[in-house]
Each structure stands twice: as C-alpha cells, then as structure tokens.
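A note on names: the letters A, B, ... follow the listed sequences, proteins ahead of strands, and every chain is numbered from 1.
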Amino acid sequence: MSTPKRYLITAALPYANGQKHIGHLAGAYLPADIYVRYLKAQKRDAVFVCGSDEHGTAIPIQATKEGTTAQAIIDKYHPLMEQNFKDLGIAFDVYHRTSDPLHHQTAQEFFTKLEASGDLETKETEQYFDESAQTFLADRYIKGTCPSCNYDSAYGDQCEKCGKSLSPEELINPVSTLSGNAPIKKTTKHWYLPLNRHEDFLREWILESHANDWRPSVVGQCKSWIDGGLQPRAVTRDLDWGVKVPLAGADGKVLYVWFDAPIGYISATKQWALNTGKDWKPYWEDKDTKLVHFIGKDNIVFHCIIFPVMLRLHGNILPTDVPANEFMNLEGDKMSTSRNWKLDMQDYITDFVNKENGGGQMADALRYYLTQIAPETKDSEFMWKGFQDAINSELVSVYGNFINRSLVLMHKLCGGKVPPYHAAIEDSEDIAVKEAIANTAKKVGELIEAYRFREALFEVIALARIGNGYMQKKEPWIVAKQVAENPAAQQQIDNCLHLCLQLTANLAILAQPFLPFTAKKICHLLKVVDKILDWENAGSLKLLSVGYTLRAPELLFRKIEDEEIAAQIQKLNDAAQIKKMETTPTTSSSTSTIAAVKPEIVFDDFAKIDLRVGTIVAASKVEKADKLLQLSVDLGFETRTIVSGIAQHFEPETIVGKQVTVVVNLAPRKMRGIESNGMILMAEDANGKLHFVNPSDNINPGSGVS
RNA sequence: GGCGAGGUAGCUCAGUUGGUUAGAGCACAGGAUUCAUAACCCUGAGGUCAUGGGUUCAAGUCCCAUUCUCGCUACCA
C-alpha cells in the first residue's frame with residue numbers, strides 16, 4: 001500500500017454538557033493522538049481535528065436544570081475540555097466548536113447543496129405535535145393503526161407486523177407515545193436523508209471492500225444496521241438551539257444535531273486552514289487523502305453509515321478506516337456520569353499532573369496505562385491497582401530504570417561523555433542489541449499503522465527490557481574494577497554504554513507517540529534537540545556523537561504509592577455515595593430533577609379518569625419483551641389482564657398480592673399481542689426506580705380513588 | 001426478543017489460511033547481582049482455551065446448540 005499524500009485524523013467531537021472522563025480519552029482521543037504523533041514524526045502531512053459538539057436538545061435541557069442558558073453551558077465546558085486535552089498531551093491541530101459562525105455557515109452550505117441536488121426528501125405534515133409535552137413528535141413516538149394490514153400498533157415510520165414503511169400521517173388513530181394523548185395536527189415541514197437510496201453503495205463499500213481491513217465489531221455493527229432496513233432519517237428538527245435551516249419558510253427549525261456535528265470535522269479543518277494559511281479543500285476532496293475517524297463503539301453507525309452517505313452526496317472523500325474502540329470500565333463497573341462512577345480527566349489532572357506531583361510525566365503515566373489496557377477488541381477495565389502496577393513495575397522499573405542506570409553509569413565510568421565504540425571488540429551481545437533496536441523500530445511503526453497501539457507500546461517496553469538484560473550480561477560495573485590493571489578493559493565499558501545510550505535515544509523516539517512528555521525530557525537529558533525524535537532516526541545507532549557531554553541524570557518517573565491508590569478508590573466510592581444520597585427522593589430538596597408541571601386542566605377532565613384499587617393476583621413475563629409483565633389484577637368487580645412495562649424493576653413472583661392503583665377506563669391496547677385493559681400507576685424516583693402507588697393499608701379491591 | 005462483538009493461566013491480553021508438549025507481561029515462588037527508583041537479570045510453578053455435541057488423520061482455530069458479559073434495537077398507557 002502506498003503512502004497517501006496527506007492524512008486527516010478526527011476524534012469524536014465531545015458533547016459540551018459536562019466533564020469528559022478517561023473512558024472517552026482511552027476510546028478516541030488518546031489512540032488518535034498516538035496515531036497522529038507517529039504520522040507527524042514520519043513527517044507526513046497529517047492534520048488532527050476535533051472540537052466541542054454544542055448543539056442538540058440535551059444542552060438547553062441541562063441549562064434549564066442548572067438555571068442558566070445554553071450558551072453559558074457551552075462556554076463553560078468548551079474551554080475546560082480544550083485545556084484538559086492539552087494537559088494530557090492530546091495535540092489537536094485545531095480544537096473547534098460547533099457554535100462558531102464558521103461551522104454554522106459550513107453546515108448550512110452542506111445542507112443547501114444536498115437540498116439543491118435533490119438528495120434530501122421533504123415531508124410536510126400536519127400531525128405529530130403533543131400539546132401536553134409541547135413538542136413535535138418524531139416518527140417513532142407515534143403509534144396507530146397500519147393502513148395496509150390494520151395492525152393497531154404500527155409506528156410512525158414502519159409497521160412491525162407487515163413491514164411496510166409508513167409516514168406518520170398514514171396512520172389511523174395516531175397516539176403520542178409520550179403522553180398517550182392524540183397529538184394535534186400542526187403543520188410542519190421537515191427534510192430527510194433517504195438512507196434507503198444508498199443501501200447498495202453501503203453494502204458494497206463496507207460489507208465487501210472493507211470486510212477484512214476494518215475491525216470485526218465495526219463491520220458487524222454496520223451489517224446489523226443495513227440488514228435491519230435503512231430508513232429516511234430526519235435531518236431537521238423544530239427547536240431553537242442549533243444551526244438554522246437556511247431556507248425561506250423554515251423558521252424555528254434547526255439541523256438535527258447528528259447531521260451538523262460530523263460536519264464539525266470539516267469546519268474545524270477550515271478553521272485550521274485559516275489559522276495556518278493552508279488550503280483545507282484537499283483534505284476533504286482529494287482522493288489521495290486518508291481520512292480516519294477515531295471513535296467509541298457507540299458512534300459506529302454515524303461514522304460508517306450516515307456520515308459517509310452525506311459525504312458522498314456532497315462530493316467529499318470517504319473515511320479510509322474507522323477504528324472504533326469498545327468501552328472501558330472502572331473498578332468493576334461501567335463508567336457512568338449519572339451515577340458519578342468515573343474518573344474525569346480534570347480530576348486526574350488535579351491529583352497527578354498539576355501541583356508538584358509529577359507534571360507531564362504523570363500525564364504520560366496515564367497515557368501509558370490507558371494504552372496498555374486500551375479496549376481495542378473488547379471492553380476493558382481500569383483498576384487503580386492495575387494502574388499502579390503498570391507504572392511501577394513496567395514504566396518505572398523497566399523503562400525509566402534502564403535509562404537512569406545508563407546515564408548514571410556513563411557518568412561514573414565514562415566521564416560524563418558519550419564513549420566511543422570499538423568495532424574491533426564487538427561481540428555477539430552487541431550485535432544482538434543492535435538488531436533488536438532495528439527490529440523494534442520497524443515493528444512499532446507497523447503496529448501503529450495497523451492501529452495496534454497496545455502491542456506497539458509493549459514492543460517499546462520490551463526493547464528497554466532487552467537493554468536491561470544486555471547491561472546485566474556486560475556488567476560494566478564489574479569490568480570497571482579491572483581497568484586499573486588492564487586499561488584495555490575500558491573498551492568493553494565504552495561499547496556497552498555507547499550502545500545503551502544510543503538505545504536510550506531510540507527509546508525516546510519510539511515512545512514519543514505514546515509518552516510525548518517523557519520523550520522531550522529524555523532529549524533534555526541527552527542534550528539533543530527535539531528534532532531527533534523524527535521517526536527516520538528510529539533504529540539509528542548514530543544519534544549521539546562520541547565525546548558529547550550529557551546532563552546529570554534525573555528520574556523520569558516517580559512511583560505510585562499505595563496511599564494514593566487507596567485515596568483514589570476512596571474518592572470514587574465517596575463520590576458515588578454522595579450522588580446516591582443526592583438523588584434519593586427523601587433528601588432531595590432541589591427542584592432540579594423534578595419534571596415541569598403540566599398545563600392546567602379543569603375538574604371535569606380529571607373526573608373522566610376512573611381510578612380504582614386492585615390486587616395483583618398473578619404476574620408473568622411477556623415473551624419476547626424485556627420490559628413487559630402480564631398481570632392479572634383483581635378489581636373486586638372483575639379480574640383484568642393488564643400489561644405493564646415494569647419487568648426490569650420487579651420479579652413477577654414478588655409482586656403477587658400487592659395492591660396497586662389502576663386506571664380502569666383507559667381504552668384497551670395491545671402490546672406484544674396481549675390486550676391490556678388498564679394502566680398501573682407508578683411513581684419514578686430520581687434514580688429511575690419504579691414504585692407502586694398504593695393505599696397505606698390494605699383495602700377492598702375495587703375501591704375508588706379520587 | 002432480534003442483530004453484532006466477546007468469553008484463552010490469579011490479573012491484562014496474543015494466538016495469522018485448523019497441524020508437533022497453548023504464548024507474553026504483571027502478580028507469585030526460588031536463585032543470582034548491586035550500576036540503578038527495595039530497581040534489574042535468570043529459573044520455575046499456573047490453563048479439560050465458557051459448556052455440550054459434531055466435522056476432520058488433526059480444532060482455541062470450522063459447524064450446531066446452550067450459557068454469561070458488553071453494545072445496537074424492539075417492547076414500557
């Protein structure tokens with residue numbers, strides 16, 4: 001495979017609604033950074049773009065929650081994330097943001113072009129507005145009767161029973177799945193990206209041409225999506241936060257966030273070009289550009305299916321590869337912002353990178369461990385003990401120690417200068433080390449190009465290990481005792497340390513993509529310019545000239561103490577505990593998590609609802625449904641079948657005998673083929689857990705509730 | 001429920017198109033050594049390759065079933 005003329009590397013745009021944790025870092029940003037640093041060391045033309053994703057409904061919602069504005073939210077998190085990345089050595093060429101006018105303009109141009117060439121479909125409808133929720137309803141939030149087969153639970157986009165693709169207005173008796181109300185008809189026009197038109201292209205491009213060179217999980221996920229049937233996807237939304245739809249009569253409409261966000265890669269590239277006086281176009285238009293998206297597995301369909309379709313229609317190049325990573329867990333549990341079970345980049349920086357606690361070397365320590373446990377083929381686990389072990393017994397003891405002992409011995413036995421190499425007395429050990437250096441340089445490059453960063457890093461450490469073994473065999477500290485009687489012995493010492501020092505310089509080059517701060521520090525110790533880190537020097541044995549004076553050794557890394565680990569684990573548990581207490585309903589005094597009060601109704605509306613107390617007499621799981629339980633409820637005057645979506649909260653056998661409140665005059669409804677006659681009232685707490693609403697004492701089934 | 005990806009030594013993971021006694025690092029045990037951040041070096045113990053069938057002269061590697069984990073998706077009036 002020939003080398004592309006240029007590379008464009010993207011890392012998933014982080015959503016600007018909060019701190020990002022090390023799972024995000026390990027999934028996308030760190031591997032992308034390693035790859036880019038390698039390419040740049042190769043002097044290849046590579047641009048690394050990223051930026052904050054600042055649109056979407058979640059941001060205004062969060063603003064309401066925090067009692068502030070959407071703008072304030074993004075203005076808070078955008079610079080924070082940018083700084084975090086910088087502190088951890090993630091060297092974007094540009095860190096842009098989607099709220100920037102340049103992005104708005106770029107996204108609008110993109111949309112306009114697709115619109116003008118007939119690649120989008122529009123549908124003007126006058127349905128799907130839910131008055132109680134005050135929102136337009138997406139297709140799948142509407143149900144009704146299928147016009148073709150009369151199935152009564154067809155979705156707004158497709159009938160599950162007959163498989164027919166539908167639009168919401170075709171449904172008979174549509175119902176909002178949000179409120180249960182019939183949505184009112186309100187005219188709205190939306191644009192759609194008809195993915196279904198591109199099925200042939202996607203099949204060929206992904207399932208055939210990339211069947212073997214993309215990661216199995218990526219191809220598998222795409223296959224699953226394509227086989228499931230591609231549907232037109234709405235490109236616009238009725239919302240006032242985002243990129244305005246650039247057409248007359250489209251007031252109050254913005255581009256759907258999934259549509260505008262990936263275009264952020266393009267606008268970021270434009271911004272980079274403006275900053276540097278370069279031309280951005282070839283990076284998105286020239287076939288000889290290699291485009292690589294680094295993402296987490298949750299983003300696969302956007303980057304492999306939807307965005308490529310957009311790019312193709314718009315006349316851009318397609319990604320060459322999308323090396324998606326799996327997820328990283330933390331201390332035995334999934335990382336979760338809502339449960340506060342996570343390690344934020346900022347927290348790590350505060351505790352380890354800042355202060356006089358290690359600085360950039362500690363950023364490298366994190367980079368080392370995250371790379372070593374990168375979830376390249378399956379979910380992985382961040383353990384604080386594992387972090388400590390990896391740093392102390394590999395990075396410090398093998399890598400750092402080899403460099404330190406080389407420098408110390410050189411000062412003690414060679415007068416602080418790079419000793420000469422006496423080819424005449426070269427032996428097989430020397431040759432073996434030379435070969436190992438050359439081999440490792442080659443191997444590391446190949447592994448990085450194949451996105452196998454974990455293995456590549458392992459090879460770097462293995463080379464340091466070879467250095468330690470070599471030194472052990474040569475024992476220059478023993479040989480030194482003979483020099484007084486036999487001056488020629490000094491030559492053996494010279495050869496050993498000459499090679500160890502050249503090896504040290506190589507270790508800086510090879511580690512540079514992974515441990516950039518460390519590589520720089522080694523350059524400092526060796527008194528060489530950073531230019532030596534160019535990859536063309538990897539494998540070279542002439543990096544340090546004979547007779548050159550080097551600096552006094554300094555330790556590259558410090559060890560991680562047991563107390564630090566214990567403190568972090570404590571902190572993690574405490575934070576999760578506090579979060580749990582905060583969200584426990586009894587102690588919650590804040591209004592932040594309370595849903596807004598619905599519009600006022602008159603008494604007559606309320607009186608229409610017939611509420612009764614009932615007793616559950618039987619309960620069982622509904623087949624082929626994860627969330628549904630089929631209940632028999634004794635209402636005194638009759639026993640009814642009611643289907644309820646509570647299977648994930650209760651075991652069927654444990655709820656028999658419980659009293660519940662039932663809406664008895666709700667229209668019957670079929671779910672998974674079972675007719676449900678009524679609805680059980682449930683209360684949901686801040687943790688999302690459901691609780692029955694029932695009388696405090698057992699009373700007769702059938703008793704009215706008002 | 002459907003689809004996808006995984007389940008290999010205590011831990012983290014490799015195992016190419018099926019082919020001799022299944023590999024590495026960490027941790028552990030023993031030994032050697034002192035230049036080095038109680039670091040390094042050598043040696044060792046450790047696995048019925050999730051379970052059960054099948055194909056084959058031969059299976060961790062292919063096929064079927066089961067089970068567990070993760071993700072996408074459906075079901076929640």
When the P atoms of B:G7 and B:U21 are compared, how many Å lie between them, rounded to an integer? 23 Å
Looking at every strand, decide which applies to A:G386 at a 4.0 Å heavy-atom threshold: base, sugar-phosphate, or nothing. nothing
The side chain to side chain contact (heavy atoms under 4.5 Å, CB included) partners of A:R465 (sequence neighbours excluded) come to A:V398, A:I461
Could you write out each protein N or O paired with an N or O of nucleotides 67-70 of chain B at a distance under 3.5 Å?
unit_1, atom_1, unit_2, atom_2, d
B:C70, O2', A:K297, NZ, 2.7
B:C70, O2', A:D379, OD2, 2.7

Phosphate oxygens OP1/OP2 of B:G15: is one of them under 4.0 Å from a side-chain N or O of A:R452? yes
With a non-hydrogen cut-off below 4.0 angstrom, is A:F557 in contact with a base, only sugar-phosphate, or nothing? base
Should A:S393 be listed as having a side-chain N or O under 4.0 Å from OP1 or OP2 of B:A27? yes
Which part of the nucleic acid, if any, lies within contact of A:L555, taking any heavy atom under 4.0 Å across all strands shown: a base, the sugar-phosphate backbone alone, or nothing? base
Fill in the dot-bracket string of RNA chain B, one character per base: . for unpaired, | for a pair to another strand, ( ) or [ ] for pairs within the strand, taking Watson-Crick or G-U pairs under 3.5 Å. (((((((..((((.....[...)))).((((.........)))).....(((((..]....))))))))))))....
Base, sugar-phosphate, or nothing: which does A:E394 touch, judged by heavy atoms less than 4.0 Å apart? sugar-phosphate
Name the nucleic acid region contacted by A:S217, choosing base, sugar-phosphate or nothing; use a 4.0 angstrom heavy-atom cut-off, strictly under. sugar-phosphate
Under 4.0 Å from OP1 or OP2 of B:A36: is there any side-chain N or O of A:K412 that close? yes
Scan A:L556 against the nucleic acid and name what it touches under 4.0 Å (heavy atoms): base, sugar-phosphate only, or nothing. base
Could you check whether A:S676 gets within reach of a base, just the sugar-phosphate, or nothing at all, counting any heavy atom under 4.0 Å? nothing
Regarding A:T518 and A:Q361, do their side chains bring together a donor and an acceptor under 3.5 Å, going by distance alone? yes
OP1 or OP2 of B:A14 less than 4.0 angstrom from a side-chain nitrogen or oxygen of A:R454, does that happen here? yes
Upstream residue (5' side of RNA chain B) when A:Q221 and A:V396 are each assigned their closest nucleotide: A:Q221
Taking only the side-chain nitrogens and oxygens of A:K559, find out if one of them lies under 4.0 Å from OP1 or OP2 of B:A39. yes
Distance from A:Q372 atom CD to A:F453 atom CZ, nearest 0.5 Å? 15.5 Å
